[in-house]
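Written out below as structure tokens is the structure these notes cover.
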Amino acid sequence: MPLPDLRHVADSLQQRIPDLFAELKRLVLTIPPGHVVTYGDLAKELGDSGASRWVASYLLLPEGPLADCSHRVVRSTGELGLYHNQNVDQKAQKLASEGVSVQNNQVDLKRFRWTLPAGSKPLVALKAWQRDFACPVGIELAAGEVQTIGGLDVSYQGDMAVAVCSCFGADGKELQKHFAHTMRVRFPYISGYLAFREIPVYLELFAEMQANDCLPDVLLVDGNGRLHPRRMGIATMLGALIGIPTIGIAKNQLCGSILSDQLTVGSWEPIVASKNEPDDVLGYAILPHAKTKNPLYVSQGLGIGDLRMQEIVARCFAGHRSPEPIYHADRESRRIASTL
DNA sequence: GCGACAG
DNA sequence: ATCTTGTCGC
């Protein structure tokens with residue numbers, strides 16, 4: 001199956017990613033003096049209440065572009081919450097000067113809550129994109145021995161992202177070569193939407209690797225694949241976009257429940273969406289070795305069945321918690337980011 | 001009050 | 001992910 005022109009894929013995907021910063025700013029600027037909204041109100045208007053933590057952290061940025069308005073955003077309980085300059089009293093004073101009465105660090109939301117205008121809800125569109133995403137059917141890891149296993153990770157220096165792909169041989173333990181690409185990210189980290197933050201830099205990286213005729217046979221991606229609220233984690237989406245089989249490797253559990261309550265070294269314990277449907281396996285938890293008590297969360301990206309996925313990941317274990325290709329990509333991307 | 005969500 | 005000091009252990 002011919003691979004797509006990744007230069008073109010990179011450019012067209014970038015077009016489809018909304019500017020959440022601009023949309024949040026637009027919403028915040030509609031709050032008139034004398035009114036407040038909650039972090040959750042803003043997140044829901046962006047399309048997902050799960051974005052409230054990002055909304056709060058962005059508003060509370062000390063030198064952030066919305067620092068002038070952040071006093072008008074409070075917690076859902078009516079508590080004032082934090083303020084960008086650490087001085088909550090100043091938040092109360094600003095609200096009071098605008099006519100919002102504050103008692104015991106609380107605002108009466110019934111009286112002062114502003115109704116935000118209907119927005120474009122960009123996260124609703126992105127959720128729909130994930131749900132409806134049609135994976136190409138032809139992507140399957142070829143039978144026989146794998147030649148090259150790639151490990152992917154991204155590190156950050158501010159809003160600069162450094163993506164690295166470390167290419168390992170069939171044994172999964174010997175580094176052959178690696179590639180790196182640095183670019184500015186323009187989408188925040190929100191749980192469930194990691195792909196929209198990190199896929200752009202990966203696509204730039206793979207466009208270069210394609211130009212050098214150095215694409216691995218299979219990719220281990222730092223993040224989930226099928227183990228995702230909408231079954232469309234970054235590993236799955238990336239595999240579909242670049243046409244290479246992928247496996248998702250996460251260090252923390254995003255969703256689902258582990259069927260077994262006992263993890264033993266080297267055993268693949270199924271993770272299901274709900275214990276009521278134990279046949280719907282989203283991925284596996286595995287302890288790579290006895291030195292760590294935290295498992296790795298491994299799930300199908302695209303084009304590889306469970307057994308082969310387990311075999312490929314297992315042969316990449318060598319004393320670190322992460323498989324060697326990801327471990328190397330993590331260290332190398334971090335090293336480069338620290339020089340920026 | 002508790003639980004809590006990849007990077 | 002990043003911010004961060006010392007500290008425990010192989």
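In what follows, every chain begins at residue 1, and chains take the letters A, B, ... in the order their sequences are listed.
Using a 4.0 Å heavy-atom criterion, one finds that A:Tyr156 contacts the sugar-phosphate atoms exclusively. A:Ile234 comes within 4.0 angstrom of a base, heavy atoms only. When heavy atoms are screened at a 4.0 angstrom cut-off, A:Gly192 is found touching base atoms of the nucleic acid.
Against DNA chain B, the stretch residues 318-340 of chain A makes no heavy-atom approach under 4.0 Å. Within residues 193-206 of chain A, the residues that place at least one heavy atom under 4.0 Å from DNA chain B are, in residue-number order, A:Tyr193, A:Leu194. Residues from residues 39-59 of chain A with heavy atoms under 4.0 angstrom of DNA chain C: there are none. Contacts between residues 235-252 of chain A and DNA chain B, defined by a heavy-atom separation below 4.0 Å, involve A:Ala250, A:Lys251, A:Asn252, listed by number.
For A:Gln253 and B:dA6, the CD to C1' distance is 11 Å, given to the nearest whole Å. In this structure, the CG atom of A:Leu227 is 12 Å from the C1' atom of B:dC5, given to the nearest Å. When the P atom of B:dA6 is taken as reference, atom OH of A:Tyr297 falls 11 Å away, rounded to whole Å. Regarding A:Phe187, its CZ atom lies at a distance of 13 Å from the C1' atom of B:dG7, rounded to whole Å. In this structure, A:Asp222 places its CG atom 8 Å from C1' of B:dA6, rounding to the nearest Å. Taking atom CD of residue A:Gln130 and atom C1' of nucleotide B:dC5, one finds them 14 Å apart after rounding to whole Å. Atoms CZ (A:Arg230) and P (B:dA6) sit 13 Å apart, rounded to a whole Å. Atom CZ of A:Arg231 is separated from atom C1' of B:dA6 by 14 Å (rounded to the nearest Å).
Under 4.0 Å is where a charged nitrogen must lie from a carboxylate oxygen, and between A:Asp280 and A:Arg226 at least one such pair does. Between A:Asp153 and A:Arg331 there is no salt bridge, since none of the side-chain N atoms of the basic residue sits less than 4.0 Å from a carboxylate O of the acidic one. A:Arg335 has a carboxylate O that lies under 4.0 Å from a charged side-chain N of A:Glu332, or vice versa, which qualifies the two as a salt bridge.
Smallest separation of non-hydrogen atoms from A:Val154 and A:Ala161: CG1-CB, 3.8 Å. The shortest non-hydrogen separation linking A:Ala163 to A:Val201 is CB-CG2, 3.7 Å. Among all heavy-atom pairs drawn from A:Ser191 and A:Leu254, the shortest one is OG-CD1, 3.4 Å. Closest approach of A:Ser333 to A:Ser155, counting heavy atoms only: OG-OG, 2.8 Å.
Paired runs in DNA chain B never reach 3 or more consecutive Watson-Crick or G-U pairs with both distances under 3.5 Å.
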Report task. Evaluate side chain to side chain contact (heavy atoms under 4.5 Å, CB included) for A:Cys255 paired with A:Leu227, printing each intermediate quantity in order. Result -> CA-CA 7 Å; A:Cys255 61; A:Leu227 183 55; 4.1 Å; yes
Self-check item: Full working for side chain to side chain contact (heavy atoms under 4.5 Å, CB included) between A:Leu20 and A:Phe196
Solution: CA-CA 11 Å; A:Leu20 286 192; A:Phe196 304 108; over 6 Å; no
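Side-chain contact check for A:Ile31 versus A:Val73: some heavy-atom pair is nearer than 4.5 Å.
Within the 3.5 Å criterion, the main-chain N or O of A:Lys110 finds no donor-acceptor partner in the side chain of A:Arg113. Checked by atom type and distance alone, the side chain of A:Lys91 pairs as donor or acceptor with a backbone atom of A:Leu82 at under 3.5 Å. Remark: the backbone N or O of A:Phe21 is not paired with any side-chain donor or acceptor of A:Arg186 at under 3.5 angstrom. Under the 3.5 Å distance criterion, the side-chain polar atoms of A:Arg315 are matched with a main-chain donor or acceptor of A:Ala170.
Applying the side chain to side chain contact (heavy atoms under 4.5 Å, CB included) test to A:Lys94 and every residue at least two apart in sequence or in another chain returns A:His71, A:Tyr83. Checked against side chain to side chain contact (heavy atoms under 4.5 Å, CB included), A:Ala142 has no partners two or more places apart in sequence or in another chain.
The number of heavy-atom neighbours closer than 6.0 Å to CD of A:Gln103, taken from other residues, nucleotides and ligands shown, is 12 or below.
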Per-residue pairing states of DNA chain C in dot-bracket (Watson-Crick or G-U under 3.5 Å; . unpaired, | other strand) read ..........
With B for base contact, S for sugar-phosphate-only contact and - for none (protein heavy atoms under 4.0 Å), nucleotides 5-10 of chain C reads ------
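Identified under the side chain to side chain donor-acceptor pair (under 3.5 Å) test for residues 193-203 of chain A, with sequence neighbours left out: A:Asp48-A:Tyr193, A:Tyr156-A:Arg197, A:Tyr156-A:Glu198. Pairs engaging residues 296-306 of chain A under the side chain to side chain donor-acceptor pair (under 3.5 Å) rule: A:Tyr284-A:Asp306, A:Gln300-A:Asp306 [sequence neighbours left out].
Below 30°, between 30° and 60°, or above 60°: for A:Trp129 and A:Phe133 the angle between ring planes is between 30° and 60°, a tilted geometry.
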Side-chain donor-acceptor pairs of residues 206-221 of chain A under 3.5 Å, sequence neighbours excluded:
| residue | atom | partner | partner atom | Å |
| --- | --- | --- | --- | --- |
| A:Glu208 | OE2 | A:His181 | ND1 | 2.8 |
| A:Gln210 | OE1 | A:Leu6 | N | 3.0 |
| A:Gln210 | NE2 | A:Pro4 | O | 2.9 |
| A:Asn212 | ND2 | A:Glu208 | O | 3.0 |
| A:Asp217 | OD2 | A:Gln147 | N | 2.7 |
| A:Asp217 | OD2 | A:Thr148 | N | 2.9 |

